[in-house]
Visitor: 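Below are the structure tokens for one structure; questions will follow.
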Amino acid sequence: IEKGGNDQLKDELSAYNPLIPKGKELIATLMFEIDNTLSRTEFLNKVGGIEKKAFIKISGEKINSISENDIERTSSEGKASSVQFVHFNFSDEQIIKFKNLDNEVNLGIDHNFYNHTTKISGQVRKALIKDFA
């Protein structure tokens, strides 16, 4: 569509290939969509480092996020980017627990200025299980 040719294709692959799970991880895009410019700026100025505060919890065991390291997404002043890419690296035992639909799995963020947890439904987990090799 953009007609950027092979050079654009190489750039796109370089940018997005790191976001493909590699067998023992899940990768998430965390996006804060706030329509009001003033509210968005105020929020992002408070949540620096949030990319390191996401987690997946399986039966009480926490797997902390690891931020994508292509660029720094929190400025030195502490302002976060509205889009973050995070990895969750699983051990073999954690993958087995994740695949067992009897175990509760939660996704959350534990930041001083933004705190939220939600249960990952069985249907979503069935789709995510396919990302494990």
Side-chain angles (χ1 to χ4, degrees):
I1 292 173
E2 296 176 11
K3 299 179 181 152
N6 285 335
D7 289 337
Q8 181 179 350
L9 178 62
K10 289 176 191 173
D11 288 343
E12 297 287 329
L13 289 172
S14 175
Y16 294 108
N17 276 344
L19 303 179
I20 299 171
K22 297 180 183 45
K24 288 190 176 185
E25 68 179 345
L26 294 176
I27 301 171
T29 302
L30 174 62
M31 184 171 128
F32 297 102
E33 188 172 0
I34 303 169
D35 290 337
N36 182 289
T37 306
L38 198 55
S39 296
R40 181 178 56 245
T41 300
E42 183 180 326
F43 175 78
L44 293 174
N45 281 331
K46 291 180 182 177
V47 295
I50 198 163
E51 67 275 14
K52 297 175 180 138
K53 299 294 185 177
F55 64 87
I56 292 176
K57 191 181 281 188
I58 307 168
S59 301
E61 184 178 356
K62 207 178 213 184
I63 302 165
N64 292 311
S65 62
I66 299 169
S67 58
E68 181 63 35
N69 60 9
D70 58 337
I71 61 169
E72 199 56 44
R73 288 189 167 76
T74 292
S75 72
S76 57
E77 298 84 32
K79 181 182 183 224
S81 171
S82 61
V83 178
Q84 305 282 342
F85 303 107
V86 294
H87 298 248
F88 299 95
N89 295 323
F90 285 69
S91 69
D92 291 334
E93 295 80 22
Q94 291 166 333
I95 291 171
I96 290 167
K97 288 179 183 178
F98 189 91
K99 289 180 176 182
N100 181 344
L101 297 179
D102 291 331
N103 292 326
E104 184 170 306
V105 177
N106 293 291
L107 174 65
I109 298 173
D110 189 15
H111 189 280
N112 291 340
F113 292 102
Y114 185 82
N115 207 311
H116 185 78
T117 303
T118 189
K119 182 179 177 182
I120 299 177
S121 72
Q123 185 177 4
V124 170
R125 280 178 55 201
K126 287 176 185 175
L128 292 173
I129 286 167
K130 295 175 185 175
D131 286 336
F132 294 117

Visitor: For the atom pair CD1 (I56) and CG (N106), what is the distance rounded to the nearest 0.5 Å?
Guide: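 Result: 10.0 Å between the selected atoms.
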Visitor: How close do K52 and S67 get, heavy atom to heavy atom, and via which atoms?
Guide: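 That would be CE-OG, 4.2 Å.
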Visitor: Please examine the side chains of E93 and I96, heavy atoms only from C-beta on, and report whether any two atoms are closer than 4.5 Å.
Guide: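 Result no, sub-4.5 Å side-chain heavy-atom pair not found.
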Visitor: Linking I/L/V/M/F/W/Y whenever their side-chain heavy atoms sit closer than 4.5 Å, directly or via other members, would L44 and I34 fall into one cluster?
Guide: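 Yes; tracing contacts between hydrophobic side chains, which count when under 4.5 Å, links both residues.
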Visitor: Could you give the distance from CE (M31) to OG (S82), rounded to the nearest 0.5 Å?
Guide: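 Here the interatomic distance stands at 7.0 Å.
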Visitor: Can you measure from CD1 (I27) to NE2 (H87) and round to the nearest 0.5 angstrom?
Guide: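 Atom-to-atom, I27:CD1 and H87:NE2 are 4.5 Å apart.
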Visitor: Has H111 got a side-chain atom pairing as donor or acceptor with H116's backbone, closer than 3.5 angstrom?
Guide: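 Judged by distance alone, no pair lies under 3.5 Å.
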Visitor: Mind checking whether I109 and V86 sit in one hydrophobic cluster, side chains of I, L, V, M, F, W, Y counted as touching below 4.5 Å?
Guide: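 No; tracing contacts between hydrophobic side chains, which count when under 4.5 Å, never links both residues.
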Visitor: Would you say Y114 ends up clustered with L107 if hydrophobic residues are merged whenever their side chains have heavy atoms under 4.5 Å apart, either directly or through other cluster members?
Guide: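 L107 does not cluster with Y114.
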Visitor: So do K126 and L101 actually touch side chain to side chain, heavy atoms under 4.5 Å?
Guide: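 Touching, per the 4.5 Å side-chain cut-off.
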Visitor: Testing the basics here: between Q84 and A80, what is the closest heavy-atom pair and its distance to 0.1 Å?
Guide: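 That closest heavy-atom pairing would be NE2-CB, 4.0 Å.
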Visitor: Should V124 and L26 be counted in the same cluster of Ile, Leu, Val, Met, Phe, Trp and Tyr side chains packed under 4.5 Å apart?
Guide: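 The answer is yes; both residues are in one hydrophobic cluster.
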Visitor: Quick check for you: to the nearest 0.5 Å, what is the distance between K97 atom NZ and D102 atom CG?
Guide: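 Here the interatomic distance stands at 14.0 Å.
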Visitor: Contact between L30 and E51 at the side-chain level, heavy atoms closer than 4.5 Å - yes or no?
Guide: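 No, too far: nothing below the 4.5 Å cut-off.
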Visitor: If you compare all heavy atoms of F32 against all heavy atoms of S81, which two are closest, and at what distance to 0.1 Å?
Guide: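 For F32 versus S81, the nearest heavy atoms are CD1-O, 4.5 Å.
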Visitor: Could you give the distance from CG (N100) to CD1 (I95), rounded to the nearest 0.5 Å?
Guide: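 It is 14.0 Å, given to the nearest 0.5 Å.
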Visitor: Looking at residues at least two apart in the chain, or sitting in another chain, which of them share a ring pair (Phe, Tyr, Trp, His ring centres under 6.0 Å) with F55?
Guide: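 Partners of F55 under the ring pair (Phe, Tyr, Trp, His ring centres under 6.0 Å) test: none.
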Visitor: In Å, rounded to the nearest 0.5 Å, how long is the span from NZ of K57 to CG of N64?
Guide: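 Answer rounded to 0.5 Å: 10.0 Å.
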Visitor: Would you please name every residue forming a salt bridge (Lys or Arg N to Asp or Glu O under 4.0 Å) with K99, sequence neighbours left out?
Guide: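 Expected list: none.
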Visitor: Given side chains that start at C-beta, do those of Q94 and N89 come closer than 4.5 Å, heavy atoms only?
Guide: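 Q94 vs N89: side chains apart.
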Visitor: Does R125 qualify as a cation-pi partner of F98, given the criterion of NZ or CZ under 6.0 Å from the six-membered ring centre and within 45 degrees of its axis?
Guide: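 Satisfied, under 6.0 Å and within 45°.
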Visitor: When you compare the side chain of E61 with that of N103, does any pair of heavy atoms fall below 4.5 Å?
Guide: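 Contact flag for N103/E61 side chains = no.
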Visitor: So does E42 pair up with K46, basic N to acidic O under 4.0 Å?
Guide: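 Salt bridge present between E42 and K46.
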Visitor: For residues I129 and I58: do they belong to one hydrophobic cluster (side chain heavy atoms under 4.5 Å, members Ile, Leu, Val, Met, Phe, Trp, Tyr)?
Guide: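 I129 clusters together with I58.
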